2 protein chains.
Amino acid sequence: MSLSISELQEIHDFASKLSRRAGHYLRGDRARSQTQILPTKEKLNSVDLVTAVDEGVEKLIRDAISTKFPDHAFIGEESYSAGEEKRFLLKDGPTWIVDPIDGTVNMIHMFPMTAISIGFCINSIPTVGVVFAPFLGGHGTLYSAINHPEGGAWMSEYGATGPSTNLPTASPPPPLPKDAPKGCLFFGEWGKDRRDSPESNLNKKSTNFINMATEIGGRGGKGGMVHGIRSLGSSTMDMVFVAAGQGDIMFEAGCWEWDVCAAQAILLQTGGIVVDSNPPPNISDDDPIPMANLGGRRRVFYVLYLAIRACSIDEDGRTPRTQQEALVRAVWKRTERFDYERPM
Amino acid sequence: MSLSISELQEIHDFASKLSRRAGHYLRGDRARSQTQILPTKEKLNSVDLVTAVDEGVEKLIRDAISTKFPDHAFIGEESYSAGEEKRFLLKDGPTWIVDPIDGTVNMIHMFPMTAISIGFCINSIPTVGVVFAPFLGGHGTLYSAINHPEGGAWMSEYGATGPSTNLPTASPPPPLPKDAPKGCLFFGEWGKDRRDSPESNLNKKSTNFINMATEIGGRGGKGGMVHGIRSLGSSTMDMVFVAAGQGDIMFEAGCWEWDVCAAQAILLQTGGIVVDSNPPPNISDDDPIPMANLGGRRRVFYVLYLAIRACSIDEDGRTPRTQQEALVRAVWKRTERFDYERPM
């Protein structure tokens with residue numbers, strides 16, 4: 001099944017408007033909350049939070065989609081989490097994958113790295129992506145794309161009627177740094193698993209951050225001397241900054257399809273790649289690197305993502321893909337293996 | 001010496017306009033750089049960078065100030081760094097303390113957490129502060145304050161002629177979380193010192209982050225279960241988010257007066273506090289906590305800052321200062337001592 005570019009454009013424009021409507025709802029709610037602490041419910045633990053607003057935004061989005069596209073499937077974080085059925089639901093038909101609020105903790109604290117993420121897949125491929133950060137700038141910031149040869153990717157910072165900028169922000173995007181990860185901007189999160197044990201995910205993440213940051217030659221050769229490590233508290237925003245070319249590497253373990261589907265559509269359209277943040281077993285330096293797929297029977301990997309930004313051919317004549325794959329291998333060599341399991 | 005509120009208002013309005021002019025200059029430069037990599041010079045190492053733009057922005061600001069206020073002193077990061085004289089220069093007279101670009105690495109990568117920081121001191125007290133983030137939102141985001149009983153603090157996201165919001169964003173600001181640091185949003189940076197040794201600043205910072213993030217009871221009782229750890233790559237932006245009430249704790253070791261002077265004026269006006277991130281030797285739980293001062297002979301501490309946001313009286317009747325000081329002690333118990341030395 002495929003849709004024409006004009007059908008995709010209609011879906012893109014609908015999703016963009018819908019994300020702004022949801023953002024308006026959120027901004028109103030935040031205004032109401034400014035004299036009180038927002039009531040929250042704990043999911044996994046005291047840092048895994050959901051507010052009534054998360055559920056309200058998801059309902060707003062789901063209702064609008066089912067009215068406009070009654071035949072399309074819908075996967076949303078909150079209805080998924082609340083449901084009994086934990087098997088993965090992505091099929092080949094037109095499917096919306098929605099995270100009503102990524103960065104709920106940030107929103108509670110009024111830190112503006114919060115995103116409404118609306119993705120649309122066909123054949124399990126992220127094809128339209130809309131990520132709206134309603135608190136980033138006075139008008140909010142909308143990142144969006146149609147992943148299609150005749151599509152495009154855009155950033156809009158001046159409201160629905162204002163001008164937008166093509167993505168990636170630099171055109172053409174510069175080559176990756178010659179000795180990458182040295183010189184790269186690296187995005188990663190501490191996450192919600194806070195258990196204390198030597199083999200914990202928290203300790204592995206910290207090992208990764210130190211490896212990436214340490215000078216070349218340090219950490220038994222694992223020192224990566226990246227330009228910087230950024231933790232924003234939203235894996236959607238991490239990926240969208242890499243998609244826009246406002247960062248180089250996004251490494252995440254423990255996120256979900258709704259965290260990345262929309263951002264992935266933008267990243268793919270700009271020329272970035274996404275692979276598993278755990279290397280496939282026994283992969284050699286000459287083997288091609290499989291790209292990460294979303295869900296369904298085609299899904300090779302669980303919830304582990306490593307994204308690299310778009311780039312141009314470099315001084316040595318290396319193609320973008322050659323540079324990107326070399327950087328993937330360089331990151332794999334400096335990072336720990338994770339074993340996040342999808343609950344069944 | 002003191003200035004009237006109308007004189008301070010004039011200084012505030014002048015600094016705000018000047019920061020937007022500098023931001024316009026930066027945005028223009030970034031537009032020019034979008035097809036090439038910005039040329040940089042290394043200072044300490046390959047992640048401590050300065051661009052010709054940093055120096056150009058500092059000159060623009062210095063020239064404007066010396067024309068308008070020829071009798072005022074001026075301390076700027078780039079001229080300080082380039083000079084032979086490394087003793088600290090802050091005197092009691094009217095003094096401007098300017099960081100032309102905080103977050104240079106972010107700017108090179110086009111990640112929007114970059115700030116122009118213009119502070120104004122009298123009697124070594126941060127009295128007017130303007131922090132402009134020119135890439136945050138389409139119009140940039142301006143945080144500013146006059147630290148004075150008749151002053152105020154504001155955030156402006158809609159350009160020079162648009163409306164502004166009073167700070168802190170929540171009014172009144174909510175109490176700190178009851179079991180803080182549990183439930184807090186914590187801002188800290190990995191920094192530019194990337195040497196690999198067990199006692200390195202890099203390893204200490206990582207220890208702090210893990211302690212703050214781990215579940216209560218973990219890490220030998222040091223687990224703080226904060227809501228999240230955020231690293232933005234700009235200590236100015238970290239402090240300004242705490243000043244605005246968009247975060248709870250900012251912990252930095254290894255930053256300079258120009259990184260914090262303007263943000264500190266905003267923080268003080270909103271009701272936040274700043275102390276040394278190293279506890280004073282032999283301080284007991286009952287001793288009052290000295291507030292951090294900027295530079296000069298009055299300066300007790302070096303380049304180590306711990307900031308806590310404004311808050312209101314809590315359910316148990318604890319005053320804001322009592323809650324803030326309790327949180328300072330709780331952070332001190334979970335963090336390592338640093339020994340950054342000011343070069344002489």
Side-chain angles (χ1 to χ4, degrees), chain A residues 33-37 45-47 49 105-106 108-113 136-141 156-159 162 169-172 174-175 182-185 189-190 194-196 202-203 206 209-210 213-215 217-219 223 225-233 241 244-248, chain B residues 33-37 45-47 49 105-106 108-113 136-141 156-159 162 169-172 174-175 182-185 189-190 194-196 202-203 206 209-210 213-215 217-219 223 225-233 241 244-248:
Chain A
S33 77
Q34 287 192 351
T35 53
Q36 56 184 11
I37 297 169
N45 59 30
S46 72
V47 303
L49 300 173
V105 163
N106 286 340
I108 291 166
H109 291 270
M110 303 201 228
F111 179 60
M113 290 292 171
L136 198 59
H139 301 286
T141 303
S156 159
E157 303 175 289
Y158 298 94
T169 50
S171 176
K182 188 182 173 193
C184 286
L185 205 59
E189 301 299 332
W190 291 90
R194 303 299 184 77
R195 288 171 295 180
D196 182 31
L202 185 65
N203 280 313
S206 130
F209 293 151
I210 306 173
T214 301
E215 61 192 343
R219 305 281 294 180
M225 199 62 172
V226 293
H227 262 171
I229 291 176
R230 304 290 176 258
S231 300
L232 308 179
F241 282 120
Q246 297 173 296
D248 303 301
Chain B
S33 77
Q34 287 191 353
T35 53
Q36 56 185 10
I37 298 167
N45 60 29
S46 70
V47 302
L49 298 173
V105 162
N106 286 341
I108 291 166
H109 291 270
M110 304 201 227
F111 179 60
M113 290 292 172
L136 198 59
H139 301 285
T141 303
S156 159
E157 303 175 289
Y158 298 93
T169 48
S171 175
K182 188 183 173 194
C184 287
L185 204 58
E189 300 299 333
W190 291 89
R194 303 297 183 77
R195 287 170 296 181
D196 181 31
L202 184 65
N203 280 312
S206 128
F209 293 151
I210 305 172
T214 300
E215 61 191 343
R219 306 280 295 179
M225 198 63 170
V226 293
H227 262 170
I229 291 175
R230 304 290 176 259
S231 301
L232 307 180
F241 282 119
Q246 297 172 298
D248 303 301

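It should be emphasised that the depicted structure is a prediction, and the values quoted were computed from it without experimental measurement. Labels below follow one simple rule: chain letters A, B, ... track the order of the sequence lines, proteins then strands, and each chain is numbered from 1.
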Under 4.5 Å from any heavy atom of chain B, what part of A/Ile229 do you find: side chain, backbone, both or neither? both

Are the side chains of A/Ile108 and B/Leu185 in contact, using a 4.5 Å heavy-atom criterion? no

Against chain B, work out which of A/Gly223, A/Gly137, A/Gly138 has the most heavy-atom pairs shorter than 4.5 Å and name it. A/Gly138

Given the rule in the side chain to side chain contact (heavy atoms under 4.5 Å, CB included) test, do B/Arg230 and A/Val105 qualify, once you have shown the distances and angles that lead to the verdict? CA-CA 11 Å; B/Arg230 304 290 176 259; A/Val105 163; 3.8 Å; yes

Taking the side chain from B/Gln246 and the backbone from A/His109, do they hold a donor-acceptor pair closer than 3.5 Å? no

Rounded to the nearest 0.5 Å, how far apart are OG1 of A/Thr169 and CE of B/Met110? 4.5 Å

Could you check whether any side-chain N or O of B/Arg194 sits under 3.5 Å from a backbone N or O of A/Met225, counting only pairs where one atom can act as donor and the other as acceptor? no

Relative to the ring of A/His139, is the ring of B/His139 parallel (under 30°), tilted (30 to 60°) or perpendicular (over 60°)? tilted

Taking every non-hydrogen pair under 4.5 Å, which of A/Ser206, A/Ala244, A/Gly233 racks up the most with chain B? A/Gly233

Residues B/Phe111, A/Leu232; criterion side chain to side chain contact (heavy atoms under 4.5 Å, CB included); working and verdict: CA-CA 12 Å; B/Phe111 179 60; A/Leu232 308 179; 3.7 Å; yes

For the backbone of B/Thr214 and the side chain of A/Arg195, can you confirm whether one donor and one acceptor N or O come within less than 3.5 Å of each other? no

Heavy-atom side-chain contact between B/Ser231 and A/Phe209 under 4.5 Å: no

List the atom of A/Arg219, the atom of B/Asn203, and the distance in Å for their closest heavy-atom pair. NH1-OD1, 4.1 Å

For B/Leu202 and A/Ala213, the nearest pair of non-hydrogen atoms, with its separation, is CD1-CB, 4.1 Å

